[in-house]
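See structure below.
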Number of protein chains: 2
Amino acid sequence: MARSTLTRDEVLDAAASLVKQHGPAALTMRKLAAELGTAVTSIYWHVGNRESLLDALVQRTVEEMGAILPQAPTGGTPLAGRTPADRILSVARTLRRELRERPHLIAMVHERGLTERMFLPAQQALVHEVHAAGLRGARAADAVRAIQFQIVGFLLVERNRERAPAQSPAESELWDPAAAPHDPALARALARPADPERLFLLSVRALVTALLAPPASAAPGAGR
Amino acid sequence: MARSTLTRDEVLDAAASLVKQHGPAALTMRKLAAELGTAVTSIYWHVGNRESLLDALVQRTVEEMGAILPQAPTGGTPLAGRTPADRILSVARTLRRELRERPHLIAMVHERGLTERMFLPAQQALVHEVHAAGLRGARAADAVRAIQFQIVGFLLVERNRERAPAQSPAESELWDPAAAPHDPALARALARPADPERLFLLSVRALVTALLAPPASAAPGAGR
DNA sequence: ACCTGAACACCGTTCAAGT
DNA sequence: ACCTGAACACCGTTCAAGT
């Protein structure tokens with residue numbers, strides 16, 4: 001591993017590799033130096049300190065994820081699906097898939113509060129589709145944000161569930177038939193583990209349907 | 001601070017106090033020992049190690065948060081609002097408020113993947129309301145889970161945004177009028193910061209409306 | 001049953017010194 | 001401009017020894 005001179009990019013690459021394999025806790029300045037075959041202190045010259053090294057990794061990840069959705073601010077129809085609602089679902093599915101391939105780095109993006117920033121390109125695609133569905137102005141903006149929050153939120157919940165240890169009480173105990181004698185089918189359904197993919201599509205579809213629907217003369221349940 | 005004998009609960013109280021004030025990073029075994037006036041190693045006798053100490057704090061928080069919603073598995077109408085939809089919104093609002101008062105501890109709950117566990121009592125309330133709205137069986141279960149995921153997800157997104165550093169590009173730059181010349185009102189709306197409370201209610205209302213609506217003969221946009 | 005100090009194996013970071 | 005080793009001030013944890 002002899003090398004003429006150390007580069008900031010080499011430091012970032014090695015750090016990313018450590019994080020991808022074993023998570024951020026495994027990223028130690030000393031381990032990293034060993035990996036690079038340099039003195040610990042050389043790293044400081046290139047990246048400042050551990051915290052800004054992690055920041056740089058996160059920054060990189062945000063840019064990579066932003067690039068997966070083709071930019072379409074000036075028109076065009078970059079996504080599959082016949083209706084705007086279908087294409088919104090397609091955006092949602094793409095994001096879901098990509099995120100699941102970089103769990104550690106995405107977790108770090110979350111921890112730094114940059115999840116939303118990472119989704120700005122997706123937001124542009126959503127604007128396009130909501131517009132195509134006929135929404136305009138502030139109402140379109142609300143719809144875009146509601147959909148974006150829902151997609152991102154669902155993914156955050158899902159990540160949360162995956163890292164959950166054994167739960168007590170589990171849903172399966174909580175919802176044994178005795179707990180809901182009046183609707184055993186409901187109890188049985190809640191005792192089964194959720195199917196996230198199905199629930200994801202079902203939820204996004206429901207929200208999109210309501211948001212893209214023509215405004216009712218009086219919205220039901222709009223108490224205030 | 002002289003004390004006859006150290007208690008596991010005293011350790012937890014002191015630890016919780018440190019975390020509440022300065023976050024989990026400030027919880028050092030040595031600082032904690034100093035706070036308690038004991039040797040560092042005494043703490044190990046009572047709580048095992050740092051990791052299980054943090055686990056215990058999280059466990060406590062989950063129980064506290066679970067207690068804020070009255071249990072209503074056997075009937076009764078514990079929540080304000082005239083319609084089931086209104087009462088679901090009331091659940092959502094309550095959870096949102098309570099979570100915002102314990103930021104550090106809630107963050108630790110998130111990191112351990114226990115957010116969903118924390119919301120099981122709320123799930124029971126949602127079951128009650130969805131049932132009151134006439135949904136049954138698997139369809140009711142899907143609705144409950146979709147609503148639960150949305151509420152939890154929104155809160156996770158919101159937390160994410162709050163911790164976000166200065167963003168580049170900010171939404172306000174991304175959506176300057178030049179970016180969307182065909183709908184300047186939309187661009188202006190997206191350039192303004194989102195109002196989370198409003199968006200939260202709007203989103204939950206939209207989703208609930210769609211989920212509680214009588215099943216359409218053919219759902220629009222249900223492409224597969 | 002509970003508490004203690006000493007010791008171990010780690011950390012991130014600073015700094016004066018080298019080339 | 002870049003790299004180095006030594007040193008500092010921390011960590012969490014173990015363990016033999018005390019009462």
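Heavy atoms only: backbone and side chains are in, while hydrogens, waters and symmetry mates are out. Order of the sequence lines sets the chain letters (A, B, ...), proteins ahead of strands, with each chain counted from 1.
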Looking at residues at least two apart in the chain, or sitting in another chain, which of them share a ring-ring contact (aromatic ring centres under 6.0 Å, His included) with B:Phe119?
->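 None.
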Not counting sequence neighbours, which residues clear ring-ring contact (aromatic ring centres under 6.0 Å, His included) with B:His131? List them please.
-> A:His182
Under the side-chain contact (heavy atoms from CB on, under 4.5 Å) test, residues paired with [X] that sit two or more places apart:
X: A:Pro196; answer: A:Arg96, A:Glu158
X: B:Ala34; answer: none
X: B:Arg159; answer: B:Ala107, B:His110, B:Arg163

Across all chains, not counting sequence neighbours, the side-chain hydrogen bond (donor to acceptor under 3.5 Å, both in side chains) partners of A:Thr28 are none
With sequence neighbours excluded, tell me which residues meet side-chain hydrogen bond (donor to acceptor under 3.5 Å, both in side chains) with A:Glu98.
->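 Expected list: A:Arg102.
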OP1, OP2 of [N] versus side-chain N and O of [X]: anything below 4.0 Å?
X: A:Thr5; N: D:dA1; result: no
X: A:His46; N: D:dA1; result: no
X: A:Ser42; N: D:dC2; result: no

Would you mind reading off the distance between [X] atom [atom1] and [N] atom [atom2], rounded to a whole angstrom?
X: A:Glu10; N: D:dC2; atom1: CD; atom2: P; result: 13 Å
X: B:Leu6; N: C:dC3; atom1: CG; atom2: P; result: 5 Å
X: B:Leu32; N: D:dT13; atom1: CG; atom2: P; result: 12 Å
X: A:Ile43; N: D:dA1; atom1: CD1; atom2: C1'; result: 18 Å

Taking pairs as Watson-Crick (N1-N3 plus N6-O4 or O6-N4) or G-U wobble (N1-O2 and O6-N3), each distance under 3.5 Å, the stems of three or more consecutive pairs with DNA chain D are C:4-8 with D:12-16, C:12-16 with D:4-8
Each nucleotide of nucleotides 6-12 of chain D classed B (base within 4.0 Å of a protein heavy atom), S (only sugar-phosphate) or -, in 5' to 3' order, makes B----BB
Begin from the C-alpha positions of B:Ser52 and B:Asn49 and carry the test side-chain hydrogen bond (donor to acceptor under 3.5 Å, both in side chains) through to its verdict.
-> CA-CA 6 Å; B:Ser52 44; B:Asn49 55 27; 2.9 Å; yes
